[in-house]
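In listed order, ligands and their atoms are each counted from 1. On a predicted model such as this, the values are computed, not experimentally measured, just so you know.
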Amino acid sequence: MVVEYSFRVKWGNTDAAGIVFYPNFYKWMDEATHEYFTAIAFPSSTLFVEQQVGTPLLEANCQFKSPLFFEDQVTVRSVVVELHQKVFKISHTFLRNEKLIAEGFEIRAWTSFKEKPKAYPIPDQVREKMMPKETLNR
Ligand SMILES: CC(C)(COP(=O)(O)OP(=O)(O)OC[C@H]1O[C@@H](n2cnc3c(N)ncnc32)[C@H](O)[C@@H]1OP(=O)(O)O)[C@@H](O)C(=O)NCCC(=O)NCCSC(=O)c1ccc(O)cc1
């Protein structure tokens, strides 16, 4: 499933050169992942409150192709590209008017915070929303 998250660049997102300061892309990838979980009907807030489950980052990466500016309208397209037993990789494509701005990914672990944080298998109901059965790579 591909989920889109759109927003406009704020004044405070830019640096002295007037272009978006790169850590914002990591913040936006995080926001996009939370939007993704809401879109597949497993909002992060509910997962955490009801099951004490979160998805901490194991790895994150971003490649920057073209600068963003104040008030640019941005769309982030997010899709799970690898689904392992406890870990998934979600890719994020940043677009402005369909032009590629940046590409990144996050690798996250399905983690219980009931006691000491510990990774657990991603439940089947979640897996099925993330990736159709025929594309699973466990
Ligand atoms: C998540 C953890 C509790 C899991 O620990 P454990 O329960 O001991 O699990 P393991 O170490 O055995 O790893 C689980 C699996 O992940 C796999 N793994 C570990 N690293 C990787 C990477 N980089 N790629 C792929 N797979 C990986 C590992 O191979 C295990 O797979 P199996 O062999 O199939 O079991 C622990 O790895 C941890 O605490 N890591 C640090 C997490 C962290 O601090 N991240 C940065 C802060 S989180 C954060 O800022 C945040 C921001 C925004 C949010 O929305 C959420 C979080």
* Which of these, E106, E59, M29, H34, has its nearest heavy atom closest to atom 23 (N) of ligand 1? -> E59

* Asked: Does some non-hydrogen atom of K89 fall short of 4.0 Å from ligand 1?
  -> no

* Asked: Which ligand 1 atoms does I107 reach within 4.0 Å, using its non-hydrogen atoms?
  -> 24 (N), 25 (C)

* Asked: Can you check whether F25 and F105 have ring centres sitting under 6.0 Å from each other?
  -> no

* Check the pair T33, E106 against side-chain hydrogen bond (donor to acceptor under 3.5 Å, both in side chains), reporting the backbone distance first and the verdict last. => CA-CA 9 Å; T33 295; E106 300 171 309; 2.4 Å; yes

* Looking at atom 38 (C) of ligand 1, is any protein heavy atom nearer than 4.0 Å to it? -> no

* Asked: Nearest protein heavy atom to atom 12 (O) of ligand 1: under 4.0 Å?
  -> no

* Asked: Between F64 and Y26, what is the ring plane arrangement, given parallel below 30°, perpendicular above 60°, and tilted in between?
  -> perpendicular

* **Polar proximity ligand 1 side, P117 side, N/O cut 3.5 Å exclusive** => no

* Under 4.0 Å from atom 21 (C) of ligand 1, is there any protein heavy atom? -> yes

* Contact check: T55 vs ligand 1, nitrogen or oxygen atoms, below 3.5 angstrom -> no

* From the options E35, E31, R77, H92, select the one residue that forms a side-chain hydrogen bond (donor to acceptor under 3.5 Å, both in side chains) with Y5. => E31

